[in-house]
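Notes follow the structure.
This chain uses plain numbering: 1 for the first residue, then up along the sequence.
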Amino acid sequence: MNHDEILRTHGEALQLFGSRVHVIRDDQWDAPTPCTEWSVRDLVNHVTAEQLWVPRLVRDGATLAEVGTVFDGDQLGTDPAAVWDRAAVAAVAAFSAAGALNRTVHLSYGSSPADAYCAQMMADAVVHAWDLSRAIGAEEALPGHLATAALREVEPYAPGLGASGLFAPAIEPPADADDLIRLLCLLGRRP
């Protein structure tokens with residue numbers, strides 16, 4: 001994807017995830033998700049914290065050590081949707097700044113081009129939008145172009161994700177699977 005496509009799909013993925021965050025009922029925050037270790041609150045906190053990192057890494061050029069533990073633990077407080085909204089807006093602004101996607105960011109696995117980081121964050125938001133949708137009973141069908149963009153992003157490094165232990169092992173998708181089903185199966189989800 002070119003930079004305009006990366007920015008567009010990242011923004012759309014955050015809007016999609018946010019649309020699910022805004023319909024979580026009070027009695028759903030402790031519900032289980034397809035991410036077996038996480039409740040709905042844990043999942044939303046994870047994706048929110050991921051976006052909170054973006055301005056520090058992209059805009060400020062900070063290292064992990066410089067950021068430290070500031071985004072560890074609960075970031076959602078008493079108004080999770082508002083915290084999500086602020087994190088999403090700040091992440092989009094950081095990635096959209098002039099020249100931001102040409103920068104290098106320092107991630108847990110080493111230095112990376114910021115445009116690749118943005119594409120990874122897009123894919124993460126798409127997959128977790130499906131996770132959240134399933135957990136709260138929202139519409140699980142996601143926009144096809146986002147599923148396709150996320151699948152193209154994840155395919156090259158998916159085997160490493162499965163081997164990391166952070167994702168369930170990939171499962172074989174049905175022969176007639178669309179890109180969303182292929183993406184979910186690649187990341188160990190059972191759609």
### Candidate pair D115 and M1, rule side-chain contact (heavy atoms from CB on, under 4.5 Å), full reasoning
CA-CA 9 Å; D115 58 353; M1 290 188 291; over 6 Å; no

#### Entry: Verdict with reasoning, T63 to H106, per side-chain hydrogen bond (donor to acceptor under 3.5 Å, both in side chains)
CA-CA 5 Å; T63 65; H106 308 287; over 6 Å; no

### Query
In terms of the angle between their ring planes, are H46 and H128 parallel, tilted or perpendicular, with boundaries placed at 30° and 60°?
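Perpendicular.
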
### Task
Evaluate the side-chain contact (heavy atoms from CB on, under 4.5 Å) criterion for residues L64 and S108: first the C-alpha distance (whole Å), next the side-chain angles of each, then the deciding distance (0.1 Å), finally the verdict.
CA-CA 7 Å; L64 298 182; S108 60; 3.9 Å; yes

Could you check whether any side-chain N or O of [X] sits under 3.5 Å from a backbone N or O of [Y], counting only pairs where one atom can act as donor and the other as acceptor?
X	Y	value
T33	V40	no
S39	D42	yes
R20	E139	yes
D178	L180	yes

### Step-by-step side-chain contact (heavy atoms from CB on, under 4.5 Å) determination, R190 to L184
CA-CA 7 Å; R190 298 192 178 277; L184 297 171; over 6 Å; no

If we only count heavy atoms from C-beta on, is the [X] to [Y] side-chain gap below 4.5 Å?
X	Y	answer
W29	V44	yes
E5	H145	no
P55	D60	no
I181	P174	yes
P143	E12	no
Q120	Y157	yes
P32	W38	no

### Message
Can you tell whether the side chains of D131 and R189 come within less than 4.0 Å, N to carboxylate O?
### Response
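A salt bridge is present here (some side-chain N lies under 4.0 Å from a carboxylate O).
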
### Task
Take D179 and R152, measure what salt bridge (charged side-chain N to carboxylate O under 4.0 Å, His left out) needs, and give me the verdict at the end.
CA-CA 9 Å; D179 284 348; R152 287 185 183 148; 5.7 Å; no

### Task
Please lay out, stage by stage, how E66 and R56 fare under the test salt bridge (charged side-chain N to carboxylate O under 4.0 Å, His left out).
CA-CA 9 Å; E66 290 169 336; R56 294 288 289 131; 5.5 Å; no

### Task
Any chance you could lay out the side-chain contact (heavy atoms from CB on, under 4.5 Å) test for M122 and I6, step after step, and finish with the verdict?
CA-CA 8 Å; M122 171 275 299; I6 292 169; over 6 Å; no

Donor-acceptor contacts under 3.5 Å from residues 81-100 side chains, at least two apart:
residue	atom	partner	partner atom	Å
D85	OD1	H22	NE2	2.8
D85	OD2	H22	NE2	3.0
S96	OG	V92	O	2.7

